[in-house]
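Here is the structure we will look at.
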There are 2 protein chains.
Amino acid sequence: MNAPQDVVKQGRKYAQVLEGAREVFLRDGFEGASVDDIVRAAGVSKATLYSYFPDKRLLFMEVAKCECAAQSKGAIALVETKGDLREVLTLVATRMCQFFLSDVGMQVYRIVVGESQRFPELGREFHDAGPAYVREKLRNLLRRGVEDGRLKIDDIDLAADQFPELCKAGLHMPIAIGLRDKPSDDEIDRVVASAVDMFLNHYEVRKDP
Amino acid sequence: MNAPQDVVKQGRKYAQVLEGAREVFLRDGFEGASVDDIVRAAGVSKATLYSYFPDKRLLFMEVAKCECAAQSKGAIALVETKGDLREVLTLVATRMCQFFLSDVGMQVYRIVVGESQRFPELGREFHDAGPAYVREKLRNLLRRGVEDGRLKIDDIDLAADQFPELCKAGLHMPIAIGLRDKPSDDEIDRVVASAVDMFLNHYEVRKDP
DNA sequence: TTTAAAGTGAACCGAGCGGTTTATCTTTTT
DNA sequence: AAAAAGATAAACCGCTCGGTTCACTTTAAA
């Protein structure tokens, strides 16, 4: 084997740099993280870092992008699940919450919100890789429900926005502003169950004659 | 009258400093705002600023606190309104949205979220003066509805969290991360109407026999 | 009019930042 | 073994920032 990994040949420490940056950025935010911190965490020299990334912003963007992409993969397959609508919704909602209320998920959110003015592209990257992605899947699910006659929804876009919002009721904001830790599974289950109840109660076609 | 304003005697420029700080902090965030910028905006010397506030953090805290307190006053009286529950909820929701989706409201939110790690007390101040305050009023409204027999709610706390969340469906996040501007009144009306619909549909006791 | 407090402006300080350079060492390729 | 590419450590640069100092002027009360 004369071609181990070919493409990624240039730069043995690339992944190391990225991992160190991830660690420090997620811990300290963009402004809070100094390049020297990152270098130290990555176990790499400053010159090496700057040979991969032209500046701190680009490095940060790369970390943020990877983080978003990596995390939203987890929620894909679930939406395709066949079965009882209520069960699917519950499953999707639970998974959604477990991610974006997690420590990493919330930290990404904090940074994106806090730095979106300094990085106009950052908001878009985050949104497309995360919320918009899930929303798209959710819309498909709802549209299928409407076509099947199980749901009656005037504005599917709005409904697809309402559902995730309901799922984080009372949890997202307090965590975002540091008032409490991430919720237990039980807490998530409680909020999700009520969200699904309310959502279906409003949009599900009544079966009783 | 030999006592014009007595208490606030010490320091003629206090309000000036605070106003300048408000302007710059809300425009540039905490890290983005330099003390020299603030001094310039306030039309005051640096020494004067530091004679009032021991450091930048304290000045920022004061601005944030004032901003929260000032804004949440607007939503109080509405909840006390008598009349059709649907109308009251619609009114309250509209007012809520108009504030925290406004430019100032969102900017405060961005800063609080972005800086809550650096300022542990900041999140608490913001929450108590803003969201928690409104939530408390909302809970009272709902409790009254339950006692009147108009509503059937198992978990009032949860319901009081769900309602505001529903009202900002699809609006809050995109604005927070800089993807779009504040919504028009029509947009707010649309989302609020649907939120009230869904909420009452779930929690209102059915009248038809 | 005197006097004390409040405010000014500008220079200054030390620290930390992002980023560059250089001279040297290690690894890989040939 | 030689050469080319990658990585290193540390010094260094320019700049900005938060915060201080000081000699001086303005304000307002007595």
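A, B, ... follow the sequence lines: proteins, then strands. Residue 1 opens every chain.
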Worksheet item: Rounded to whole angstroms, how far apart are CG on A:L49 and P on D:dG6?
Response: 16 Å
Worksheet item: B:D103 side chain to B:K182 main-chain N or O, any donor-acceptor pair under 3.5 Å?
Response: no
Discussion item. Expressed as a whole number of angstroms, how long is the span from B:F25:CZ to D:dG18:C1'?
Written reply: 11 Å
Response to the item:
Testing D:dT8, C:dT20, C:dT8 for proximity to the side chain of A:Y50, the answer is C:dT20
Discussion item. What is the distance, to the nearest angstrom, from the NZ atom on B:K13 to the P atom on D:dA28?
Written reply: 10 Å
Practice prompt. Check every atom of D:dT8, C:dG19, D:dT21 against the side chain of A:D55 and return the nucleotide holding the closest atom.
Written response: C:dG19
Worksheet item: Okay, side chain of A:R22, backbone of A:E67: is any donor-acceptor separation there less than 3.5 Å?
Response: no
Worksheet item: Could you give the NZ-to-C1' distance, from B:K56 to D:dT20, as a whole number of Å?
Response: 17 Å
Worksheet item: Where along residues 28-35 of chain A does a heavy atom come under 4.0 Å from DNA chain C, residue by residue in number order?
Response: A:A33, A:S34, A:V35
Worksheet entry | Main-chain N/O of A:L59 paired to A:E62 side chain as donor or acceptor, under 3.5 Å | no
Item to complete: Kindly determine whether B:R95 and B:Q98 satisfy side-chain hydrogen bond (donor to acceptor under 3.5 Å, both in side chains), including the steps that lead there.
Response: CA-CA 5 Å; B:R95 187 70 129 225; B:Q98 279 169 348; 4.7 Å; no
Fill in: Interatomic distance, B:Q16 CD vs C:dT8 P [rounded to whole Å]
7 Å
Worksheet, complete the sentence: Winner on side-chain proximity to B:T48, out of C:dT8, D:dG6, D:dT8, is C:dT8
Pick out the pairs of N or O atoms, protein on one side and nucleotides 24-27 of chain D on the other, that lie under 3.5 Å.
from: D:dT27; atom 1: O4'; to: B:R12; atom 2: NH1; distance (Å): 3.4
from: D:dT27; atom 1: O3'; to: B:R12; atom 2: NH1; distance (Å): 3.3

Worksheet item: Does the base of D:dG19 carry an N or O that pairs as donor and acceptor with the side chain of B:K46 under 3.5 Å?
Response: yes
Worksheet item: Rounded to the nearest 0.5 Å, how far does CG of A:D28 lie from CD of A:Q107?
Response: 8.5 Å
Worksheet entry | D:dA7 OP1/OP2 closer than 4.0 Å to side-chain N/O of A:Y52 | yes
Practice prompt. Check whether any side-chain N or O of B:K56 sits under 3.5 Å from a backbone N or O of B:F30 as a donor-acceptor pair, and report yes or no.
Written response: yes
Worksheet item: With distance as the sole test, does A:R135 use its side chain to make a donor-acceptor pair with the main-chain N or O of A:P164 at under 3.5 Å?
Response: no
Discussion item. I need the CZ-C1' distance between B:R40 and D:dG18, as an integer number of Å.
Written reply: 14 Å
Fill in: Partners passing side chain to side chain contact (heavy atoms under 4.5 Å, CB included) against B:R27 (at least two apart in sequence or in another chain)
B:E23, B:V24
Discussion item. Could you walk me through whether B:Q162 and B:Y203 satisfy the side-chain hydrogen bond (donor to acceptor under 3.5 Å, both in side chains) test, starting with their C-alpha distance in whole Å, then the side-chain angles of each, then the deciding distance to 0.1 Å, before giving a yes or no?
Written reply: CA-CA 11 Å; B:Q162 287 168 328; B:Y203 287 127; 2.7 Å; yes
Worksheet entry | Whole angstrom value for the distance that separates P of C:dG9 from CG of B:D36 | 13 Å
